[in-house]
Amino acid sequence: MAKKNKPRRFYDYSLLFSVIFLTAFGLVMIYSSSSYMAQLKYQNASYFMMRQLMISSAGLAMAIVISKLDYHWYAKFALFAYLLSYVLMIAVSLIGKEVNGKKRWLGVGPLSFQPTEFVKIALIVMLAAVIVQMGSRINSWRNMIAVMVLATPIAGIVAANNLSSGIIIMGIAFVMLFVACRRKWPFYLCGVLGLGVVATAGPLAIALERIGLLKAYQLNRIHVWLDPEAYPMDGGYQVLQGLYAIGSGGLVGKGLGESIQKMGFVPEAQNDMIFSIICEELGLFGAVSVILIFLFMIYRFMLIANNAPDLFGALLVVGVMAHIAIQVILNIAVVTNTIPNTGITLPFISYGGTSVLFLMLEIGMVLSVSNQIKLEK
């Protein structure tokens, strides 16, 4: 009799299957976009795909294990993870491995990872715990500012070496605070100001560079963004080659594996420019299909957040949703030259072991919240 009265628990298989589908699709596109260069460089056409497959499989297994845990358990480690994120970011700036002139990688024995990905997940848990502790007091100006102050220093440290990740971290805090607060007009005002900054990016960037707030290479990126054809062999090369790939794909694309731009024209095509290869091989149809799957994921996140057992669970889901949504928007905006090049990966699809591993852990957290939702009979 006790078994009959036990409430059934929800588990969002739709979200899990959409993640598996995106990851599998990503593996196909990584092979397609990298096989030529991998064969030349490593004498193994599937080099990048196999590495991604191993890390994705490990990440998915960890996500399923995490999804069966009680998500309230994460709050116990919120402060420790938040402080550890500072330690890792300071360590990477001192002893990090330099790649393409940037110290973003930290070695742990034979392995290396990007601490910025750990920072994102640590901040989501920390902000969720802090906002829950504040309760209704979060609506006061003092506490709203206090929450942003928690995110700003670590975002600043991250942005020093990785501007795009710094923007994502502030974006996560912004969205979580927006959802938690009753007072919405300051957030709308910030959105309008942000659009104003984008509209006046050229002259604003020159002014910021003159007073030392913007570095010369960052100003150059703004110039390239505004007029990539003026820098065809310098900063605008990658952008222009990506746009050529998108334009040549047409409505239905050239066919899977038939990309010309991946033959060394688009640098590191399997990384942050993979969306341009999707557009070239699968056309507008393929690009829109990928965007629709991401929109479906966002819908599932919203459904879980709305039905979460408590505020902590809802905020965890909102934080993960903000991270993935902002990253997708930034990546597609960069590839289409809507915003300056920031070098950010497309979640679950681009090649990048650290990124996909921590994204899988975040999905595990969301599924653990969904697993605590009780279904009414």
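Because the structure is predicted, anything quoted here is derived from the model rather than measured.
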Next item on the list: Inspect the surroundings of CH2 in Trp73 and state if more than 12 heavy atoms from other residues, nucleotides or ligands are less than 6.0 Å away.
Entry: no

Checklist line | Between CD1 on residue Ile131 and CG on residue Leu150, distance to nearest 0.5 Å | finding: 9.0 Å

Margin query: Do Ile324 and Ile363 make a side-chain contact, defined as non-hydrogen atoms from C-beta onward lying under 4.5 Å apart?
Written below: yes

Next item on the list: State whether the number of non-hydrogen atoms from other residues, nucleotides or ligands found under 6.0 Å of Met302 atom CE is greater than 12.
Entry: no

Note to self: The test is side chain to side chain contact (heavy atoms under 4.5 Å, CB included); show your working for Gln238 and Met273 and say whether it passes.
What the structure shows: CA-CA 8 Å; Gln238 187 182 41; Met273 295 299 286; 3.4 Å; yes

Check: So, for Met89 and Val92, which heavy atoms are closest and what is the spacing to 0.1 Å?
Finding: O-CG1, 3.1 Å

Next item on the list: Take atom CZ of Phe77 as the centre, draw a 6.0 Å sphere, and report whether it contains more than 12 heavy atoms from other residues, nucleotides or ligands.
Entry: yes

Next item on the list: Measure the OG1-CD1 distance between Thr152 and Ile145 for me, rounded to the nearest 0.5 Å.
Entry: 10.5 Å

Check: Which heavy-atom pair separates Tyr86 from Pro153 by the least distance, and what is that distance?
Finding: OH-CB, 3.2 Å

Next item on the list: Using the rule that two of Ile, Leu, Val, Met, Phe, Trp, Tyr join whenever any of their side-chain heavy atoms come within less than 4.5 Å, decide whether Phe312 and Val179 are in one cluster.
Entry: yes

Next item on the list: Taking the side chain as every heavy atom from C-beta outward, state whether Gln39 and Asn44 have any pair of such atoms under 4.5 Å apart.
Entry: no

Item checked: Closest contact, heavy atoms only, Ile124 versus Val320 -> CD1-N, 3.8 Å

Note to self: Regarding Gln261 and Glu280, do their side chains bring together a donor and an acceptor under 3.5 Å, going by distance alone?
What the structure shows: no

Next item on the list: Could you tell me whether the side chain of Arg183 and the main chain of Asn139 form a donor-acceptor pair under 3.5 Å?
Entry: yes

Item checked: Closest contact, heavy atoms only, Ala245 versus Ser276 -> CB-O, 3.6 Å

Next item on the list: Could you walk me through whether Ser289 and Phe285 pass the side chain to side chain contact (heavy atoms under 4.5 Å, CB included) test, one step at a time?
Entry: CA-CA 6 Å; Ser289 298; Phe285 174 79; 4.0 Å; yes

Check: Under the criterion side-chain contact (heavy atoms from CB on, under 4.5 Å), which of Gln114, Glu117, Met62 is the partner of Leu357?
Finding: Met62

Checklist line | Distance in Å, Ile304 CD1 paired with Gln372 CD, rounded so as to fall on 0.5 Å steps | finding: 12.5 Å

Next item on the list: Apply side chain to side chain contact (heavy atoms under 4.5 Å, CB included) to the pair Phe275 and Ile349, showing each step before the final yes or no.
Entry: CA-CA 9 Å; Phe275 188 74; Ile349 296 177; over 6 Å; no

Margin query: Quick check: do Tyr351 and Ser34 have side-chain heavy atoms less than 4.5 Å from each other?
Written below: no

Note to self: Same cluster or not: Phe80 versus Leu361, using hydrophobic residues (I, L, V, M, F, W, Y) connected whenever any side-chain heavy atoms lie under 4.5 Å apart?
What the structure shows: yes

Item checked: CZ (Phe296) with more than 12 external heavy atoms under 6.0 Å -> yes

Notebook entry, point to check: Distance-only, no hydrogens or angles: does the Lys254 side chain make a donor-acceptor pair with backbone N or O of Leu282 under 3.5 Å?
Noted result: no

Notebook entry, point to check: So, do Met365 and Val125 sit near enough that their side-chain heavy atoms are less than 4.5 Å apart?
Noted result: yes

Notebook entry, point to check: If you measure from CD1 on Ile329 to CD1 on Ile291, what distance do you get to the nearest 0.5 Å?
Noted result: 10.5 Å

Margin query: So, taking the atom named CZ in Phe178 and the one named CE in Met144, what distance separates them when rounded to the nearest 0.5 Å?
Written below: 10.5 Å

Margin query: A side-chain contact here means heavy atoms from C-beta on lying under 4.5 Å apart; do Met321 and Val366 qualify?
Written below: no

Next item on the list: Please check if any side-chain donor atom of Ser35 sits under 3.5 Å from a side-chain acceptor atom of Tyr47, or the reverse.
Entry: no

Next item on the list: Applying side chain to side chain contact (heavy atoms under 4.5 Å, CB included), run through Thr116 and Ile169 and close with a yes or a no.
Entry: CA-CA 9 Å; Thr116 51; Ile169 288 167; 5.7 Å; no

Notebook entry, point to check: Does the Asp12 side chain pair with the main chain of Leu15, one donor and one acceptor, at a distance under 3.5 Å?
Noted result: yes

Next item on the list: Give the cluster check for Leu303 versus Val19: same hydrophobic cluster or not, with ILVMFWY residues linked at side-chain heavy-atom distances below 4.5 Å.
Entry: no

Next item on the list: Answer yes if the ring centres of Phe187 and Phe174 are under 6.0 angstrom apart, and no otherwise.
Entry: yes

Check: Do side-chain atoms of Ser85 reach the backbone of Tyr82 as a donor and acceptor pair under 3.5 angstrom?
Finding: yes

Next item on the list: Decide whether Ser32 and Glu281 meet the rule of one side-chain donor and one side-chain acceptor closer than 3.5 Å.
Entry: yes

Item checked: Shortest non-hydrogen separation from Lys262 to Ser33 and the atoms involved -> CB-O, 3.7 Å

Note to self: Treating Asn162 as the side-chain partner and Val158 as the backbone partner, does any N or O pair qualify as donor plus acceptor under 3.5 Å?
What the structure shows: no

Check: Does Asn371 reach the main-chain N or O of Leu367 with its side chain, forming a donor-acceptor pair under 3.5 Å?
Finding: no

Next item on the list: Determine yes or no for a side-chain-to-main-chain donor-acceptor pair under 3.5 angstrom, with Asn331 supplying the side chain and Asp272 the backbone.
Entry: yes

Check: Between Ile55 and Val28, is there a shared hydrophobic cluster once you connect ILVMFWY residues whose side-chain heavy atoms come closer than 4.5 Å?
Finding: yes

Next item on the list: Kindly indicate whether the side chain of Val147, heavy atoms from C-beta on, has any atom under 4.5 Å from the side chain of Met176.
Entry: no

Note to self: Tell me whether the count of non-hydrogen atoms from other residues, nucleotides or ligands lying under 6.0 Å of CZ in Phe265 goes above 12.
What the structure shows: no

Next item on the list: Please tell me if the side chains of Tyr11 and Lys68 come closer than 4.5 Å, counting only heavy atoms from C-beta onward.
Entry: yes

Note to self: Let me check something: do Val252 and Ile278 share a hydrophobic cluster, defined by ILVMFWY side-chain heavy atoms less than 4.5 Å apart, either directly or through other members?
What the structure shows: yes

Notebook entry, point to check: So, for Leu88 and Pro115, which heavy atoms are closest and what is the spacing to 0.1 Å?
Noted result: CB-CB, 3.8 Å

Checklist line | Nearest-0.5 Å distance, CZ of residue Phe348 to CG of residue Leu60 | finding: 10.0 Å

Check: If we ignore angles and hydrogens, is there a donor and acceptor under 3.5 Å between the side chains of Asp310 and Tyr71?
Finding: yes

Margin query: Can you see whether Tyr74 engages Ser368 through a side-chain donor-acceptor pair at a distance of less than 3.5 angstrom?
Written below: yes

Next item on the list: State, yes or no, whether a side-chain contact exists between Phe294 and Ser18 at a heavy-atom distance under 4.5 Å.
Entry: no

